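Read through the structure below, which is laid out as structure tokens, and then see the notes.
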Amino acid sequence: MARFFTPGWVLRHVLMVVVTAGCFGMAYWQWTRALEGSMLSWGYSFQWPLFGLAAVALWVREVQMTLRESRGESVQSEEPPLVSPFDRGDTVPVGATSEQRVLVAATDTVTGTEDAADSYNHYLAWLAANPDRRPTEYPGVPT
């Protein structure tokens, strides 16, 4: 538990308390304004506590990740990263499953001197030429 009393963690603890208290203070302030007749404040009076709870959830997540790291567990996601359709230089067959698309997209990259703008313009031209097709059916930049 000593690792949670380092200067960095003490700052995180204090920041979480200040942000959470501030959010609940803002909720109380909006609640009093709402009772005075401000209709917009009703929404904010319920929204501010959610921001405070989000700060607590983020703090809890950071603590859990630190504990996992100290036990030697992996904190990296097991899922493959999302890949933009503009970053691949392959053609994905129509009807391919999402897993096949991810595998192809993760192994291939755009070749040559194409940049992201050219890939995006090709994608837009393909969408304009194929209005009845879904964006997920985009075959990719021709090689």
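Counting from 1, the numbers follow the sequence of the chain as shown. Just so you know, these numbers come straight off a predicted model, no measurement behind them.
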Would you please test Arg68 and Val63 for side-chain contact (heavy atoms from CB on, under 4.5 Å) and show each step? CA-CA 9 Å; Arg68 283 188 198 133; Val63 169; over 6 Å; no
Could you check if a side-chain atom of Tyr44 sits within less than 4.5 angstrom of a side-chain atom of Trp31, using non-hydrogen atoms only?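 No - every pair of side-chain heavy atoms lies 4.5 Å or more apart.
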Can you tell if the side chain of Arg33 reaches within under 4.5 Å of the side chain of Tyr28, non-hydrogen atoms only?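 When only atoms from C-beta onward are counted, Tyr28 and Arg33 do not touch, as no gap falls below 4.5 Å.
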Heavy-atom pair with the smallest gap, counting every atom of Arg133 and Trp126: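 Between these two residues, the closest heavy atoms are CB-CH2, 3.6 Å.
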What are the two closest non-hydrogen atoms of Ala34 and Ser41, and how far apart are they?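 Between these two residues, the closest heavy atoms are N-CB, 3.7 Å.
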Geometric class of the Trp48/Phe51 ring pair [parallel <30°, tilted 30-60°, perpendicular >60°]: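 Geometry flag for Trp48 against Phe51: perpendicular rings.
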Measuring from Arg134:CZ to Leu127:CG, what's the distance to the nearest 0.5 Å?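 The CG atom of Leu127 is 13.5 Å from CZ of Arg134, to the nearest 0.5 Å.
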Roughly how far apart are Gln30 CD and Leu40 CG, rounded to 0.5 Å?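 With rounding to 0.5 Å, CD (Gln30) is 7.5 Å from CG (Leu40).
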Could you list the donor-acceptor pairs under 3.5 angstrom formed between side-chain atoms of residues 10-26 and any protein atom two or more places apart in sequence or on another chain?
{"from": "His13", "atom 1": "ND1", "to": "Trp59", "atom 2": "NE1", "distance (Å)": "3.0"}
{"from": "His13", "atom 1": "NE2", "to": "Phe4", "atom 2": "O", "distance (Å)": "2.9"}
{"from": "Thr20", "atom 1": "OG1", "to": "Met16", "atom 2": "O", "distance (Å)": "2.7"}

Counting only heavy atoms from other residues, nucleotides and ligands, does the tally under 6.0 Å from CZ of Arg71 exceed 12?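 Result for CZ/Arg71: enclosed.
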Taking only residues two or more places apart in sequence, or in another chain, which ones meet Leu58 in a side chain to side chain contact (heavy atoms under 4.5 Å, CB included)?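 Scan of Leu58 (side chain to side chain contact (heavy atoms under 4.5 Å, CB included), adjacent residues dropped) gives none.
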Is there a donor-acceptor contact under 3.5 Å linking the side chains of Ser70 and Arg3?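 Indeed, the side chains of Ser70 and Arg3 share at least one donor-acceptor pair under 3.5 Å.
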